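Data first, discussion second: the structure below is written as structure tokens.
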Amino acid sequence: MWNSLQSERAGARLPDGLRIYAIGDIHGRADLLAPLLRQIDVDCTLYPSNRPIAVFVGDYIDRGPASKEVLDLLLGCARTKERVFLKGNHETFVHRFLSAPAVLDEWRLCGGLETLASYGLKPSINPGAAERRRLAEELAKSIPKPHLEFFDSLKLSFSCGDFLFVHAGVRPGVPIRKQREEDLLWIREEFLSCDQRFEKFVVHGHTPVRMPDVRSNRINIDTGAFATGRLTCIVIEGTVMVPLIDVRDWMRDAAGINVTRDTPTRMEPCCVDPG
């Protein structure tokens, strides 16, 4: 599947000397994020790059059990590596809930109760108005200021070379510079069903798929980590786009890896085939 579309994507290229690790929706799975971050470090050692950048496509919180821990990990790696954090639709809920507790009626259906629990709160399954107000007050006291600042700092999109990274997608027929935030965070069918080329090749998440869905105009890297245990990372360098090997597979085979100064780069043919 990956190689079959390589020729169709021949025009999509990153600038020389730059590599991007694009990470799909995390949704509170700190247990998957931590080893993935380590694996990116290992990959950079095996395949050195002048400028590696990790791009996260949003939805860091909700559904999974450890949203707070996910944010702690992301803030930690942001201090030592070049990272781009995009805004997902789930990241809109925290500030909305703090200012209007009734939003919890909607947020809990999207996994918000799990996020509250990760901050030490104990919400009931279906909180009433009084409990919603109390929970908002408790969250305001318990959520660290750097976490709120993180939500405020998130970007709606990231453009690099011929690639555009967004959370949900783009509205077909609308120039990138005129895309609305609502579409970048929430769009589904109009974008997913479009087979025409966009201004740039789009890397996105938002709609869970069993495995990375590669099309001629986009790739979906949301593999439903909160439910499947699969957190996807793809590596883009030049015109090459391959999946980062699963850390569990790498650990199994690590004893057989011999790292030398002649280790090939991802631009070389032996690295194109994901196996």
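We count residues from 1, following the sequence as given. This one's a predicted model, so the numbers in the text were calculated from it and none came from an experiment.
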Would R215 and N220 count as a side chain to side chain donor-acceptor pair (under 3.5 Å) if you check the C-alpha gap in whole Å, the side-chain angles of each, and the deciding distance to 0.1 Å? CA-CA 9 Å; R215 306 296 177 97; N220 181 356; over 6 Å; no
Is there a donor-acceptor pair under 3.5 Å between the side chain of [X] and the backbone N or O of [Y]?
| X | Y | answer |
| --- | --- | --- |
| T115 | D62 | yes |
| D59 | H90 | yes |
| H27 | Y60 | no |
| Q179 | R171 | yes |
| R29 | A225 | yes |
| R188 | H206 | yes |
| R218 | L192 | yes |
| E131 | S124 | yes |

Can you spot which of K155, H204, H167, E91 makes a side-chain contact (heavy atoms from CB on, under 4.5 Å) with L86?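 It is K155; the other options fail the test.
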So, for [X] and [Y], which heavy atoms are closest and what is the spacing to 0.1 Å?
| X | Y | answer |
| --- | --- | --- |
| I221 | I23 | CD1-C, 3.7 Å |
| S216 | D195 | OG-O, 4.4 Å |
| G161 | P15 | CA-CD, 3.9 Å |

Quick one: salt bridge (Lys or Arg N to Asp or Glu O under 4.0 Å) partners of [X], sequence neighbours excluded?
| X | result |
| --- | --- |
| R63 | none |
| E182 | R180 |
| D162 | none |

Are F226 and L33 connected in the hydrophobic side-chain network, where two residues link if heavy atoms are under 4.5 Å apart?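 Different clusters.
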All ring-ring contact (aromatic ring centres under 6.0 Å, His included) counterparts of F85, not counting sequence neighbours: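 Once residues adjacent in sequence are excluded, the partners of F85 under the ring-ring contact (aromatic ring centres under 6.0 Å, His included) criterion are F56, F150.
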Among residues at least two apart in sequence or on other chains, which ones pass side-chain contact (heavy atoms from CB on, under 4.5 Å) with E69?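 Applying side-chain contact (heavy atoms from CB on, under 4.5 Å) to E69 gives A30, A66, S118.
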Quick one: do H147 and D72 satisfy side chain to side chain donor-acceptor pair (under 3.5 Å)? Show the steps, please. CA-CA 8 Å; H147 288 198; D72 287 337; 2.8 Å; yes
Salt bridge or not between E137 and R134? Use side-chain N to carboxylate O under 4.0 Å.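 Between R134 and E137 there is no salt bridge, as every charged N stays at least 4.0 Å from the carboxylate O atoms.
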Validate the cation-pi geometry between R19 and Y47: distance from NZ or CZ to the six-membered ring centre under 6.0 Å, angle to the ring axis within 45°.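 Not flagged: R19 not positioned over aromatic ring of Y47.
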How many angstroms lie between atom SG of C233 and atom CG of L32, to the nearest 0.5 angstrom?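 So the SG of C233 and the CG of L32 are separated by 13.0 Å.
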From L139 atom CG to L121 atom CG, the distance as rounded to the nearest 0.5 Å: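 With rounding to 0.5 Å, CG (L139) is 6.0 Å from CG (L121).
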Please identify which of these residues, W107, F151, Y119, meets the ring-ring contact (aromatic ring centres under 6.0 Å, His included) condition with F97.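 Filter result, single survivor: W107.
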Pairs involving residues 74-83, ordered by first then second residue, that meet side-chain hydrogen bond (donor to acceptor under 3.5 Å, both in side chains) (sequence neighbours left out):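 Matches after skipping sequence neighbours: R51-E82.
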